[in-house]
Amino acid sequence: MYEWDFSPVLAQGGFLLAGFRNTLILTATALSGGLVVGLLLALARLSHRRWLSMPAGVVIEVFRTTPPLVQLFWFYFGLPIVLAVEMTPFLAAALTFTIQSGAFFAEIFRAGIVSIEKGQWEAAKAIGMSHSQCMRRIVLPQAVKRMFPSMMERSIELMKTTTLVATVSYADLLFQANELAQKTFRPLEVFTVVALMYFVTISFVSFLAARLERRFARTGEFTT
Amino acid sequence: MAGPILRLSGLGKSFDGNTVFSGVDLDVYPGDRISILGASGSGKSTLLRCINLLEIPDAGQMEIQGATVGEPSRSGRARYPERQLRDLRQRVGMVFQHFNLFPHMTTAGNVAEGLTTVRGMPAGEARQRALTELRRVGLEDKADTYPSRLSGGQKQRVAIARALAMDPDILLFDEPTSALDPALVGEVLGVIEQLANEGRTMLLVTHEIGFAYHVSTRVVFLGENGIYETGTAEEVLKHPKRPLTQQFLAEHKRFQF
């Protein structure tokens with residue numbers, strides 16, 4: 001019978017927390033960068049100008065269809081060779097996950113934008129708005145609300161995918177957990193605690209998101 | 001007498017080679033209230049949508065306050081630069097069949113939106129103006145309500161206030177009561193009638209023949225390819241001269257008592 005003993009893990013709690021902090025920093029960076037990249041890619045993809053929509057389509061497809069681990073290796077090992085730039089684990093990870101999540105966010109943005117009824121564009125144009133004013137004031141705010149659940153889903157996915165950065169020695173939560181497991185010889189306990197940390201964080205964010213959705217619904221702002 | 005606010009000469013539109021209408025000539029003078037009637041598919045809505053360039057006409061020309069809209073091009077078909085589209089649309093208000101309110105903005109927000117975003121008016125001033133327009137359509141107390149909480153009739157009245165806020169020279173109504181529950185038609189027609197009494201210039205596509213008769217200074221009946229019969233409400237609706245108009249009116253009166 002296995003005897004669970006969490007005490008060595010808890011004694012080194014600070015070690016895990018440092019990794020947790022790095023995971024949060026990376027996730028937040030990739031998330032905010034990814035939203036910007038995603039919106040730009042979506043707008044380019046929807047453009048009538050082929051020289052904009054074509055390359056955007058290629059970027060989106062490449063990053064959606066290749067394994068994130070391979071992308072991470074491209075950026076970490078490949079890019080310094082091609083461009084002769086210095087690459088840190090954090091920079092490689094931030095770039096990879098910004099563009100990768102950007103590609104997914106782009107498809108979510110695009111779906112959200114095209115889901116807005118033609119009448120909304122017409123009503124906005126009928127009071128004299130330009131295309132970009134329509135997009136900014138009328139279409140995007142509604143699209144973002146519709147996209148909210150898929151965005152949340154994707155962000156949770158992103159947080160979990162960032163565990164891959166342990167492979168390029170970025171000291172995220174999983175990397176630290178590995179180290180600790182080897183030091184304490186308590187891998188089961190260490191990874192159970194790590195799973196719990198992800199569980200609590202993501203559940204808490206989901207809870208906030210659900211509350212926000214309910215608030216939209218209450219004011220009538222969310223429904224059409 | 002002052003010149004027309006709007007003059008259409010030889011206006012035409014076709015979709016994929018199918019002519020919707022062609023050769024439409026129409027002068028709209030200040031205070032005119034012109035109802036556009038016709039069988040479905042006769043291009044009433046398309047004509048209206050061409051006037052504020054939500055559809056781009058492919059023949060003829062349009063003048064507003066004496067100034068030609070669009071630029072002639074080599075093909076003989078006018079071009080409409082983005083800038084001109086936006087200017088024209090601010091002078092021609094549009095009310096849609098399905099209201100098309102902005103669901104993420106309050107009622108006052110909907111009405112003020114054009115003023116702030118398009119005209120650059122400060123938010124406070126725009127809100128005051130929005131409240132004035134909402135009062136005009138009897139919905140001042142709904143200023144901070146979102147559209148999803150309004151009835152269809154209330155939504156359409158907000159949409160009218162939204163168009164009015166831009167001080168348009170002409171108001172276009174595209175079947176404003178067709179999407180409404182019968183019990184709610186009256187309140188919207190009431191607002192339109194009140195605007196008519198204020199001397200607003202308007203073009204109205206409608207199936208409410210009785211209302212058209214009551215409110216119009218002129219009636220235009222569209223046939224297969226353009227204007228088929230036109231005249232005063234009395235002439236066209238009471239004593240139609242041409243067979244299609246007569247047939248159309250007979251159809252519409254069949255179940256009246």
Side-chain angles (χ1 to χ4, degrees), chain A residues 35 39 42-43 46-49 52 108-152 209-224, chain B residues 45 48-49 51-55 81-107 109-120 142 144-150 155 158-159 161-168 171-172 174 179:
Chain A
L35 285 172
L39 178 59
L43 292 178
L46 286 169
S47 169
H48 295 296
R49 304 182 183 93
L52 266 175
I108 299 175
F109 269 115
R110 192 171 69 94
I113 290 169
V114 299
S115 79
I116 301 300
E117 302 72 21
K118 208 167 126 247
Q120 291 291 307
W121 287 96
E122 292 188 342
K125 288 191 173 160
I127 50 174
M129 283 197 195
S130 66
H131 184 86
S132 62
Q133 286 171 333
C134 285
M135 186 61 98
R136 194 164 43 82
R137 296 285 307 165
I138 308 302
V139 175
L140 272 181
Q142 296 182 59
V144 166
K145 272 174 208 150
R146 283 189 197 175
M147 290 161 4
F148 198 71
S150 338
M151 287 277 188
M152 281 311 301
R211 261 181 54 144
L212 194 61
E213 267 182 65
R214 266 205 306 280
R215 214 194 65 201
F216 284 147
R218 208 172 34 242
T219 55
E221 210 184 334
F222 203 86
T223 43
T224 318
Chain B
S45 290
L48 215 58
R49 291 162 60 83
I51 293 175
N52 78 345
L53 297 174
L54 281 178
E55 304 286 354
E82 178 72 20
R83 174 87 236 152
Q84 285 205 12
L85 294 186
R86 278 182 271 149
D87 284 346
L88 174 102
R89 287 174 184 151
Q90 290 183 54
R91 300 163 77 171
V92 179
M94 180 87 164
V95 175
F96 298 88
Q97 180 178 354
H98 295 286
F99 335 124
N100 301 348
L101 292 182
F102 307 133
H104 58 306
M105 295 177 183
T106 62
T107 296
N110 266 273
V111 181
E113 181 59 22
L115 295 172
T116 50
T117 300
V118 179
R119 297 263 167 88
K142 300 284 186 193
D144 296 311
T145 307
Y146 284 93
S148 62
R149 297 285 182 269
L150 300 177
K155 284 182 191 168
V158 174
R162 178 173 67 181
L164 287 174
M166 302 303 282
D167 285 318
L171 277 170
L172 308 178
D174 187 7

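Chain A is the first sequence line, chain B the second, and so forth, proteins listed ahead of strands; every chain is numbered from 1. Any value given below was found using the heavy atoms of this structure, including those in side chains, with hydrogens, waters and symmetry copies removed.
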Under 4.5 Å heavy-atom distance to chain A, tell me which part of B:R49 shows up: side chain, backbone, both or neither.
side chain
Nearest 0.5 Å, please: how far is CD in A:Q133 from CZ in B:R86?
6.5 Å
B:L85 CG to A:K125 NZ distance, which is reported to the nearest 0.5 Å:
8.5 Å
For the candidates B:E113, B:E82, B:Q90, B:M166, which exhibits the highest count of non-hydrogen atom pairs separated by less than 4.5 Å from chain A?
B:E113
Rounding to 0.5 Å, atoms CG (B:N100) and CD (A:Q120) come to a distance of 6.0 Å
Is it the side chain or the backbone of B:V95 that comes within 4.5 Å of chain A heavy atoms, both, or neither?
neither
What part of B:L101 is in contact with chain A, defined as an atom under 4.5 angstrom from a non-hydrogen atom: side chain, backbone, both or neither?
backbone
Which atoms of B:F96 approach chain A - backbone, side chain, both or neither, heavy atom under 4.5 Å
side chain
When you measure from the side chain of B:H104 to the backbone of A:R137, do you find a donor-acceptor pair of N or O atoms at a distance under 3.5 Å?
yes
Residue pair A:A126 / B:M94: nearest heavy atoms and the distance that separates them
CB-CB, 4.0 Å
Would you say B:R89 and A:I127 make side-chain contact, with heavy atoms under 4.5 Å?
no
Looking at NE2 of B:H98 and NZ of A:K118, how far apart are the two atoms once the value is rounded to the nearest 0.5 Å?
11.0 Å
